[in-house]
Amino acid sequence: MSPLPKYFDGIRLPRYVFFLSLGCLMLFSGVHVGLILLLYRLGCSDIVLVHLVLLYWVLVAVGLTKYIQWYTRRFYEKPIRRIAEAAGKVAGGDFSVYLPPVHTPDHLDCLDALTEDFNRMVEALGSIETLKTEFFSNVSHEIKTPIAVILNTAELLRGADLGAPESQEHVETILRASKRLSTLITDILKLNKLEKQTISPQPEAYDLCAQLCECALQFEDLWEKKGIEFEADLEDERPVRLDAGLMELVWTNLLSNAFKFTPPGGTVTLAERRTEAGIVVRVSDTGCGMDAETAARVFEKFYQGDTSHATEGNGLGLALVKRALEMMDCTVAVQSAPGEGTTFAVTIPAEEREMT
């Protein structure tokens, strides 16, 4: 804990508040005596006297209570609320938060110590996050070159006459593993750029429904191969102003997950509608679904709730989706239950994002 001045003795009222309160109480006591003498001179009865004096002290008590309430709210409740709000921002990944001291240097108390420790904690967390991000970025860049060499060599071996059937199987294994690793590195680089905001959204006018159709058609071979029924419930046209590249990343990842987790004979649905909340796009599947714990963590980096499909992904797709949408002030929510499938709902709330 941060060192405190020698005169620190916990949360206390400043000295001027103590003397002000003492002076007010003495003044009120003097007024009380004067009020009694005045009422006796006026010849008031004892009942009137008691009631008037009681009313006087009720007013004094209310006034002092209001003052103490105001002082506590201003100097303690509000600072604690600011610390709570700042902690929420840090929990959300914002390490640029800084809290100024609550009191002046000659009146430091435990709130100031808490504030200083909080600032030091945020600074340390920010440094760790920066080191982690730079590490991933640097390592990913370094690995890309040898992976590209492995991929190119494996492609050449695939086209060569290697003789033994086992050789071709080994080449295919190398290709699959290399492509998966290449995809992982690409996703890490994308996520790092999004989190560091080196990629800025570039809004442009385009048709959202046309983009949804184009993204869905990329999976036509997959849904035919697995015998999945694909349903599209889209409007004829929905002009919007968004970053088309980032939104394509969102739809591609959501649809890829839907087809991956839907068993043969299942159904994947893509729907788009204009609601009071904004433009809502839903991607639904009839797959295995998720329990509440998995659904709560599904947007975390590298988290994979269904380990049976771990070889088909890297746990970064939904993290990319969430970060890309946050950069455009959009939101994504998930509804799921074991054995009942999953629905991801993307909401584009801002009115100005819709082109009329």
Check for a donor-acceptor pair, side chain of Asn253 on one end and backbone N or O of Leu318 on the other, with a separation under 3.5 Å.
no
Within the 4.5 Å heavy-atom criterion, are Phe344 and Val281 side-chain neighbours or not?
no
Shortest non-hydrogen pair, Val283 vs Ala258, comes out as CG1-CB, 3.9 Å
Would a single hydrophobic cluster contain both Val48 and Val31, if residues Ile, Leu, Val, Met, Phe, Trp and Tyr are joined by side-chain heavy-atom contacts under 4.5 Å?
yes
Using the rule that Ile, Leu, Val, Met, Phe, Trp and Tyr join whenever any side-chain heavy atoms are under 4.5 Å apart, tell me whether Met328 and Ile348 fall into a single cluster.
yes
For the residue pair Thr294 / Asp291, report whether a side-chain donor-acceptor contact shorter than 3.5 Å exists.
yes
Is the backbone N or O of Phe28 less than 3.5 Å from a side-chain atom of His32, with the two atoms forming a donor-acceptor pair by type?
no
In short, Ser336 meets Thr342 closest at the heavy-atom pair OG-OG1, 2.8 Å
Within the side chain of Tyr67, is there an N or O that forms a donor-acceptor pair under 3.5 Å with the backbone of Val62?
no
Gap separating the CG atom of Leu249 from the CG atom of Leu325, nearest 0.5 angstrom:
9.0 Å
Ala345 to Arg282 - nearest heavy-atom pair and separation:
CB-CG, 4.0 Å
Would you give the length of the straight line joining atom CZ of Arg297 to atom CE of Met290, rounded to the nearest 0.5 angstrom?
13.0 Å
Criterion side-chain contact (heavy atoms from CB on, under 4.5 Å) against Arg238, the qualifying member of Glu272, Gln211, Arg273
Glu272
Looking at Thr286 and Thr267, would you say the former's side chain and the latter's main chain have a donor-acceptor pair under 3.5 Å?
yes
Would you mind reporting whether Ile279 and Val240 have side-chain heavy atoms less than 4.5 Å apart?
yes
If two hydrophobic side chains count as joined below 4.5 Å and joins carry through other members, does Val53 share a cluster with Val60?
yes
Under a 3.5 Å distance rule, please check whether Thr275 uses its side chain to pair with a backbone N or O of Ala277 as donor and acceptor.
yes
Asp233 atom CG: more than 12 heavy-atom contacts under 6.0 Å:
yes
Does any non-hydrogen side-chain atom of Thr331 lie less than 4.5 Å from one of Val346?
no
Answer with yes or no whether the hydrophobic clustering places Leu25 together with Leu59; edges join I, L, V, M, F, W, Y residues whose side-chain heavy atoms lie under 4.5 Å apart.
no
What is the minimum heavy-atom distance between Cys215 and Thr252, and which atoms define it?
SG-OG1, 4.1 Å
Going by the rule side-chain hydrogen bond (donor to acceptor under 3.5 Å, both in side chains), which residues pair with Glu77 if we only count those two or more places apart in sequence or in a different chain?
Arg81
Ile228 side chain near Phe219 side chain, heavy-atom distance below 4.5 Å:
no
Given side chains that start at C-beta, do those of Cys209 and Glu237 come closer than 4.5 Å, heavy atoms only?
no
Looking only at heavy atoms, the pair that brings Ala216 and Trp223 closest together is O-CZ3, 3.2 Å
Do Glu123 and Arg120 sit within salt-bridge range, that is, some charged N less than 4.0 Å from a carboxylate O?
no
I'd like to check Tyr206 versus Pro239 (side-chain heavy atoms, cut-off strictly below 4.5 Å). Are they in contact?
no
Can a donor-acceptor pair be found, under 3.5 Å and without considering hydrogens, that links the side chain of Asp285 to the backbone of Val268?
no
Has the side chain of Lys226 got a donor or acceptor atom that lies under 3.5 Å from a matching backbone atom of Phe259?
yes
Considering only heavy atoms from C-beta outward, does the side chain of Ile83 approach that of Leu114 to under 4.5 Å?
yes
Set out, in order, the CA-CA distance, both residues' side-chain angles and the distance that settles side chain to side chain contact (heavy atoms under 4.5 Å, CB included) for Leu99 and Phe118, then state yes or no.
CA-CA 8 Å; Leu99 292 174; Phe118 178 85; 3.6 Å; yes
With rounding to the nearest 0.5 Å, note down the distance linking NZ in Lys260 to CG in Leu222.
11.0 Å
Rounded to the nearest 0.5 Å, how far does OG of Ser256 lie from CD of Gln218?
10.0 Å
Quick one: pull up CH2 in Trp251 and CG in Leu246 and give me the separation to the nearest 0.5 Å.
11.5 Å
Restricting to non-hydrogen atoms, name the atom on Cys213 and the atom on Leu234 that form the minimum distance, rounded to 0.1 Å.
SG-CD1, 3.6 Å
Can you check whether Tyr56 reaches Leu35 side chain to side chain, under 4.5 Å on heavy atoms?
yes
I would like to know whether Glu85 and Arg82 meet salt bridge (charged side-chain N to carboxylate O under 4.0 Å, His left out); could you show each step before the answer?
CA-CA 5 Å; Glu85 292 174 353; Arg82 283 198 297 269; over 6 Å; no
Answer with yes or no whether the hydrophobic clustering places Leu270 together with Val280; edges join I, L, V, M, F, W, Y residues whose side-chain heavy atoms lie under 4.5 Å apart.
no
Check this for me: Leu55, atom CG, are more than 12 non-hydrogen atoms of other residues, nucleotides or ligands nearer than 6.0 Å?
yes
Roughly how far apart are Glu214 CD and Asp207 CG, rounded to 0.5 Å?
9.0 Å
Among side-chain atoms of Ser284 and Thr269, is any donor-acceptor pair under 3.5 angstrom?
no
